[in-house]
Amino acid sequence: MSSNLQMIQALLNKARKTGEKKFAVLIDPDRVTRPHMERLISLAENAGVDFFLVGGSLVIDDRLDFCVQTIKQHSSIPVILFPGSTFQISFHADALLFLSLISGRNPELLIGKHVIAAPYLRKSQLEVLSTGYMLVDGGRPTTVSYISGTNPIPADKPEIAMSTALAGEMLGMRLLYLDAGSGAQHPISDEMIQAVCSQTNAPLIVGGGIRTPELAFAKAKAGADVTVVGNILEKDPALIKDLAQAIHAAGKHQIPSSIDIDPKK
Ligand code: 1GP
């Protein structure tokens with residue numbers, strides 16, 4: 001559990017200022033077995049992964065605590081909860097993304113669930129990270145768009161994402177998350193990331209449909225302070241190393257030899 005108050009927020013604020021890029025691996029508790037998790041954790045430790053995000057839009061099995069505790073037993077990488085509902089709180093984690101779905105107009109996900117969770121969180125040691133969460137059309141309906149009953153921001157409207165992010169920041173949200181949804185066909189465009197990043201100061205998390213080191217590099221370079229990858233690692237955990245290298249290199253303005261990118265872009 002986090003001993004230092006607001007430790008992760010401070011780390012992300014610093015990354016935002018210095019241009020250092022962070023890599024978060026998303027684990028959906030419903031979709032991992034113990035052997036798979038242990039392999040992923042060991043690969044993540046070796047690759048220098050910065051955070052684990054744990055959660056899902058619809059977690060059916062009661063495996064959240066098991067998942068968080070397994071990571072804690074085997075690794076010192078901070079664990080941040082990415083809850084799809086008020087059921088997804090584990091006191092064994094370090095922090096929790098306190099997500100307000102600001103791209104949607106569902107009052108329950110803007111403030112309702114938060115009222116229920118707040119007193120419970122107050123009693124925990126979890127670092128609560130106030131996050132303006134924006135769902136963006138990733139080319140096909142995702143679990144999160146269905147479950148939340150909200151329309152995602154159109155993928156080709158960076159100005160809507162920018163205005164939404166700005167409003168979230170003005171309301172006091174200290175992190176912003178642009179998500180195309182897990183398994184999205186198309187990740188968030190570089191243009192949209194740039195638009196949000198150029199007008200806001202809060203650290204920006206970007207995820208959904210990022211499947212290659214090239215894409216991860218491009219998203220980090222466009223302005224993602226934290227790049228999140230989940231789905232593809234369920235099929236190909238060994239990709240962690242190249243993803244970590246690509247994301248971290250974007251912060252150092254280097255192009256890693258393992259990826260094929262036009263340096264003029
Ligand atoms: C989804 O941003 C995350 O909420 C990660 O998406 O599983 O498609 O990598 P993927």
Side-chain angles (χ1 to χ4, degrees), residues 12 21-32 36-37 40 43-44 47 49-60 64 67 79-85 88 93 95-104 109 129 131-148 150 152-153 155 161 165 175-190 192-193 196 203-220 222-244 246-247:
L12 295 177
K21 301 297 179 179
K22 304 287 183 191
F23 176 25
V25 168
L26 173 66
I27 296 184
D28 182 337
D30 271 353
R31 297 170 67 151
V32 283
H36 175 87
M37 269 192 66
L40 202 65
L43 288 166
V49 165
D50 299 285
F51 304 107
F52 279 109
L53 290 192
V54 180
S57 326
L58 180 67
V59 172
I60 295 167
L64 183 71
C67 207
V79 179
I80 306 175
L81 299 172
F82 177 41
S85 75
Q88 293 180 43
L96 170 136
L97 295 181
F98 201 46
L99 303 162
S100 180
L101 183 59
I102 56 176
S103 59
L109 300 177
L129 301 161
T131 308
Y133 182 61
M134 290 158 283
L135 190 58
V136 178
D137 190 352
R140 67 183 173 86
T142 55
T143 312
V144 59
S145 60
Y146 178 79
I147 295 285
S148 67
T150 65
I153 296 173
L175 296 178
L176 297 165
Y177 192 151
L178 281 173
D179 196 352
S182 195
Q185 261 171 356
H186 313 293
I188 309 284
S189 71
D190 298 356
M192 185 176 278
I193 296 170
V196 168
L204 176 62
I205 307 169
V206 174
I210 299 173
R211 295 183 183 83
T212 64
E214 285 79 3
L215 274 173
F217 179 81
K219 303 308 156 196
D225 299 294
V226 182
T227 303
V228 183
V229 179
N231 221 270
I232 193 68
L233 295 173
E234 288 164 19
K235 295 171 201 116
D236 185 4
L239 201 58
I240 275 194
K241 191 174 165 222
D242 287 347
L243 286 165
I247 293 163

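Sequential numbering from 1 along the given sequence is applied to the chain's residues. Since this is a predicted model, take the numbers as computed values, not measurements. Both counts, for ligands and for their atoms, begin at 1 and track the order of listing.
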Inset, instruction - For the pair Phe82 and Tyr177, name the ring-plane relationship: parallel under 30°, tilted 30 to 60°, perpendicular over 60°. - result: parallel

Legend entry - Counterpart residues, salt bridge (Lys or Arg N to Asp or Glu O under 4.0 Å), relative to Arg31 (two or more places apart): Glu234

Atom pairs and distances, ligand 1 N/O vs protein N/O under 3.5 Å:
unit_1, atom_1, unit_2, atom_2, d
ligand 1, 2 (O), Tyr177, OH, 3.0
ligand 1, 2 (O), Asp179, OD1, 3.1
ligand 1, 2 (O), Gly208, N, 3.1
ligand 1, 4 (O), Asp179, OD1, 3.3
ligand 1, 4 (O), Asp179, OD2, 2.5
ligand 1, 6 (O), Gly208, N, 3.3
ligand 1, 7 (O), Ser182, OG, 2.5
ligand 1, 7 (O), Asn231, N, 2.8
ligand 1, 8 (O), Gly183, N, 2.7
ligand 1, 8 (O), Gly209, N, 2.8
ligand 1, 9 (O), Gly230, N, 2.8
ligand 1, 9 (O), Asn231, N, 3.4

Legend entry - Atom pair CD1 (Ile188) and CG (Leu178), whose distance is rounded to the nearest 0.5 Å: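 Going from the CD1 atom of Ile188 to the CG atom of Leu178 covers 5.0 Å.
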
Inset, instruction - For residues Phe23 and Asp50, report the shortest heavy-atom separation together with the two atoms involved. - result: N-OD2, 2.8 Å

Inset, instruction - State, to 0.1 Å, how close Val229 and Leu243 come at their nearest heavy-atom pair, and which atoms those are. - result: CG1-CD1, 4.0 Å

Legend entry - side chain to side chain contact (heavy atoms under 4.5 Å, CB included) partner of Cys67, chosen from Val32, Asp28, Val79: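 With Cys67 as partner, Val32, Asp28, Val79 yield a single side chain to side chain contact (heavy atoms under 4.5 Å, CB included), made by Val32.
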
